[in-house]
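To find a chain, count down the sequence lines: A is the first, B the second, and so on, and within it residues start at 1.
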Amino acid sequence: MSVMVARKKVVRKWEKLPGRNTFCCDGRIMMARQKGIFYLTLFLILGTCALFFAFECRYLAVQLSPAIPVFAAVLFLFAMATLLRTSFSDPGVIPRALPDEAAFIEMEIEATNGTVPQGQRPPPRIKNFQINNQIVKLKYCYTCKIFRPPRASHCSICDNCVERFDHHCPWVGNCVGKRNYRYFYLFILSLSLLTIYIFTFNIVYVALKSLKIGFLNTLKETPGTVLEVLICFFTLWSVVGLTGFHTFLVALNQTTNEDIKGSWTGKNRVQNPYSHGNIVKNCCEVLCGPLPPSVLDRRGILQQEESTAQEESCPRGPSTQEPTAAQGPGGQAEESSAQQKDGSLPHLSAVPAPSLSNAEMPEEKQLTSGELPVPSQDAGQAEH
Amino acid sequence: MATEVHSLQELRRSASLATKVFVQRDYSDGTTCQFQTKFPPELESRIERQLFEETVKTLNGFYAEAEKIGGSSYLEGCLACATAYFIFLCMETHYEKVLKKISKYIQEQNEKIYAPRGLLLTDPLERGMRVVSSGQQGAGGMTRARGGGDTRSGCWAIGPAHLTDDP
């Protein structure tokens, strides 16, 4: 009996996720496709801080206090940590419906609306829900084939539905949604503080040194100061303004998307049903509330074997799941336990979709990959 | 082996939409994760209404606990913020802990209640915590729902599960 060692290629789920995201570090990092502006952000922050630490800090630490560079370092590290968290984490992407669920929803829609006679436009797919005595409409997303939860929106840049969608920020290279909004807010807050800090101390440095050696000599000695002041000046106006705007949104428990669309403003519109009515409570919920883990099991293993129809004698490879990253769902993916005896069914391998049951339709994947990117129904993105 | 293959293929052939029931999310309380306790008519003959409703209510209770906004969640949030969120590299969030409890509960329910009735409950974590799809069982084993994760939008399904020794 010939024993074929099946060469099992370990394919993780992130490789087959639809949508226009890039993944790094084997699925641990998730970003949008265009990252150019994100690199610019990094460069500006790192460059300005490097200049500050290299030149001004040396003088100020001696002349004024060594606490100055220490505090700057703390702010810088915090800003970088929150920036990377915002950029690399899953904003709260809602996975698309697999065919059976999509078909089930279609059936439900048809049952509600009845069959539409030929030539007539089908009614828009909207479900009405009552939340806190306000009627909220749920829209159907044609790309993801789901009814979007309240406050979710489809980002056309990343081609994903995102929960509590705020906006797509090119500066951080990712969408800002439910899971990374607090990191985004803390990033712009700490960046504002850092900018103000560096700007102030540059002025102080120039003032102090000019008293000793004159203004022009100061600039000649540390030309970087001029650059820093310029960068900080322009950053101040934009980032501080943005921080103020988002503070306002947090206090009212609104998203940028809702604010731009005017969902809760106007006489005839519903009032924001998600606000607690209390600024402190709203802030606490948005910034310190419980953080849901990612629903996309990016690092889970897809059962995709390249074995032929022979009996598989090799062990199931890395079927002992590695513990998922802190951002991924806690707990282990135990789906390989479902495929223990299925080595003799090679055609299961053609189904890359995450499947516990063995009765998944083999043509599932073809259906989902065959769908064309449908332009989202609403402009689900507001760029800064 | 041949019979296993045969029954699996049979299962696949008979697998159709009718074998899956999806329980939708209930948004009446806002965006918190709750599922509708309305009893799906397709399950009328398979399971007692009360058992099903109890399962859903317990699950809803778990999710409410996970998303509870109170003193401990604020403390966790503030502590995490103070450490620039590095603490999450070593510590599990409260939410993740509750999700583990949920997956254990679902497993338990499947073993005790649903599998004997030929049904299988899947953790909403599958397919992004939207559909707890119950597929048909693979050869000789209970398909375990995956633990952890988060129930975001969507449905939760129960469907017929066939064990290989079923006639």
| task | Tell me, for B:K97 versus chain A, whether the close heavy atoms (under 4.5 Å) come from the side chain, the backbone, both or neither. | result |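 Contact with chain A: none, neither part.
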| field | Partners passing side chain to side chain donor-acceptor pair (under 3.5 Å) against B:N60 (at least two apart in sequence or in another chain) | value |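 For B:N60 there are no side chain to side chain donor-acceptor pair (under 3.5 Å) partners, ignoring immediate neighbours.
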| request: Answer yes or no: does atom CD of B:Q50 have more than 12 heavy-atom neighbours from other residues, nucleotides or ligands under 6.0 Å? | output: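 No, not enclosed.
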Would you be so kind as to tabulate the donor-acceptor pairs closer than 3.5 Å made by side chains of residues 74-90 of chain B, with sequence neighbours excluded?
from  : atom 1 : to    : atom 2 : distance (Å)
B:E76 : OE2    : B:H94 : N      : 2.9
B:T83 : OG1    : B:L79 : O      : 3.3
B:T83 : OG1    : B:A80 : O      : 2.9

| Heavy-atom distance under 4.5 Å between the side chains of A:P290 and B:I69, does that happen here? |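 Result yes, sub-4.5 Å side-chain heavy-atom pair found.
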| query | If you measure from CG on A:L291 to CD on B:E67, what distance do you get to the nearest 0.5 Å? | reply |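 Reported value, rounded in 0.5 Å steps: 11.0 Å.
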